[in-house]
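Read the structure below first, then the notes.
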Amino acid sequence: MDNLRYIRGTMERAGSFTAVPGLGGVLMGSTALVAAWLATSVRGSGHWIGIWTVECAVGVLIGLIGATMKARRMRSPLLNGPGRKFLAGFAPAIFAGAILTIVFRDEGMLWFLPGIWLLLYGTAVLSAGWGSVRVVPLMGLCFMITGTVSLLLPELPGNILLAAGFGGLHIVFGTIIAVKHGG
């Protein structure tokens, strides 16, 4: 029995995380496009950051629900083995982004935030995605490129880059994941 437990545990840790939600990604992208549209029409930095904070919470909720539903459909545990490794690769960059958001907001340097968010989200997806299907790390790299462009070309509107990244990239890669990797 101990040998079987060891073998089962080894196989779980060696597997890939396949619960990345394609349809959830499309929905996350759609809500990000709405947030970008809303954020372009607000006055004041407090409202702008509020819209994107709500969008972040909505995106996280959609991602969690989507991953949970896909894992159930595939009869695969969400937070065992590969899922735990995915979360461990994803969380540090997201935590860094949250801390930098607070720091830059308090310093009144909001123009940095779109680039930081896109770059660190891309870093999180790329790092976590090595244990997933091949398209996930590629998506992370595309987010990193979009974030880099935002930081190196600050004259480009942040909401446009956020729409392209969190909206467009999620929709494109979510569609690919849904079609090629089972929703």
Side-chain angles (χ1 to χ4, degrees), residues 17-42 45 47-70 86-87 89-91 93-98 100-101 104-105 110-183:
F17 182 69
T18 57
V20 175
L23 296 176
V26 172
L27 186 55
M28 289 165 63
S30 300
T31 62
L33 291 176
V34 171
W37 176 74
L38 290 172
T40 58
S41 63
V42 297
S45 59
H47 293 336
W48 180 85
I49 202 163
I51 288 169
W52 284 107
T53 301
V54 168
E55 171 55 25
C56 176
V58 168
V60 167
L61 185 62
I62 291 169
L64 288 173
I65 291 170
T68 301
M69 290 173 62
K70 187 171 179 180
F86 187 90
L87 187 58
F90 190 81
I94 297 303
F95 178 76
L100 288 172
T101 297
F104 283 102
R105 181 205 61 205
L110 297 182
W111 75 269
F112 278 110
L113 291 179
I116 288 170
W117 291 341
L118 290 161
L119 183 61
L120 288 174
Y121 181 75
T123 302
V125 171
L126 179 67
S127 296
W130 289 116
S132 187
V133 294
R134 284 186 184 181
V135 72
V136 174
L138 178 60
M139 178 175 73
L141 179 63
C142 290
F143 270 98
M144 289 179 70
I145 291 168
T146 307
T148 301
V149 167
S150 179
L151 290 168
L152 295 178
L153 300 172
E155 63 274 7
L156 294 176
N159 286 321
I160 298 295
L161 291 164
L162 289 169
F166 291 121
L169 291 175
H170 271 135
I171 290 171
V172 168
F173 283 98
T175 302
I176 292 167
I177 292 167
V179 170
K180 290 190 173 193
H181 302 287

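Side chains included, hydrogens not; waters and symmetry mates left out as well; all remaining heavy atoms used.
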Could you check whether any side-chain N or O of Thr101 sits under 3.5 Å from a backbone N or O of Gly97, counting only pairs where one atom can act as donor and the other as acceptor?
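Yes; at least one donor-acceptor contact below 3.5 Å.
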
Indicate yes or no for a side-chain donor-acceptor contact from Ser127 to the backbone of Ala124 under 3.5 Å, with no hydrogens or angles considered.
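Checked: no pair found.
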
Under 4.5 Å between any side-chain heavy atoms of [X] and [Y], yes or no?
X: Ile94; Y: Leu120; result: no
X: Phe143; Y: Leu126; result: no
X: Ile49; Y: Arg105; result: yes
X: Val149; Y: Leu118; result: no
X: Ile145; Y: Thr148; result: no
X: Ser150; Y: Leu156; result: no

Atom pair [atom1]/[atom2] of [X] and [Y] - distance to nearest 0.5 Å:
X: Cys56; Y: Tyr121; atom1: SG; atom2: OH; answer: 9.5 Å
X: Ile160; Y: Thr40; atom1: CD1; atom2: OG1; answer: 7.5 Å
X: Ile176; Y: Ile171; atom1: CD1; atom2: CD1; answer: 12.5 Å
X: Leu169; Y: Thr146; atom1: CG; atom2: OG1; answer: 5.0 Å
X: Leu33; Y: Leu38; atom1: CG; atom2: CG; answer: 11.0 Å

Could you tell me which residues satisfy side chain to side chain contact (heavy atoms under 4.5 Å, CB included) with Trp37, sequence neighbours excluded, listed by chain and number?
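If we apply the side chain to side chain contact (heavy atoms under 4.5 Å, CB included) test to Trp37, skipping adjacent residues, there are no hits.
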
Provide the closest heavy-atom pair for [X] versus [Y] in the form atom of the first, atom of the second, distance.
X: Gly66; Y: Pro21; result: C-CB, 3.5 Å
X: Ala39; Y: Val42; result: O-CG2, 3.4 Å
X: Ala36; Y: Ala163; result: CB-CB, 3.6 Å
X: His170; Y: Gly25; result: CB-O, 3.3 Å
X: Leu110; Y: Ser45; result: CD1-CB, 2.9 Å

For Ile65 and Thr68, what are the C-alpha separation, side-chain angles and deciding distance, and is it a side-chain contact (heavy atoms from CB on, under 4.5 Å)?
CA-CA 5 Å; Ile65 291 170; Thr68 301; 5.7 Å; no

Apply side-chain contact (heavy atoms from CB on, under 4.5 Å) to Leu162 and Leu113, showing your working.
CA-CA 10 Å; Leu162 289 169; Leu113 291 179; over 6 Å; no

Is it the case that over 12 heavy atoms from other parts of the model lie below 6.0 angstrom from the CH2 atom of Trp111?
yes

Hey, what's the ring geometry for Trp48 with Trp117, parallel, tilted or perpendicular (30° and 60° as the breaks)?
parallel

Give me the ring orientation class for Phe112 and Phe104: parallel if the planes are under 30° apart, tilted from 30 to 60°, perpendicular past 60°.
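The rings of Phe112 and Phe104 sit tilted, inter-plane angle from 30° to 60°.
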
Only one of Thr31, Thr53, Val34 forms a side chain to side chain contact (heavy atoms under 4.5 Å, CB included) with Val58, so which one is it?
Thr31

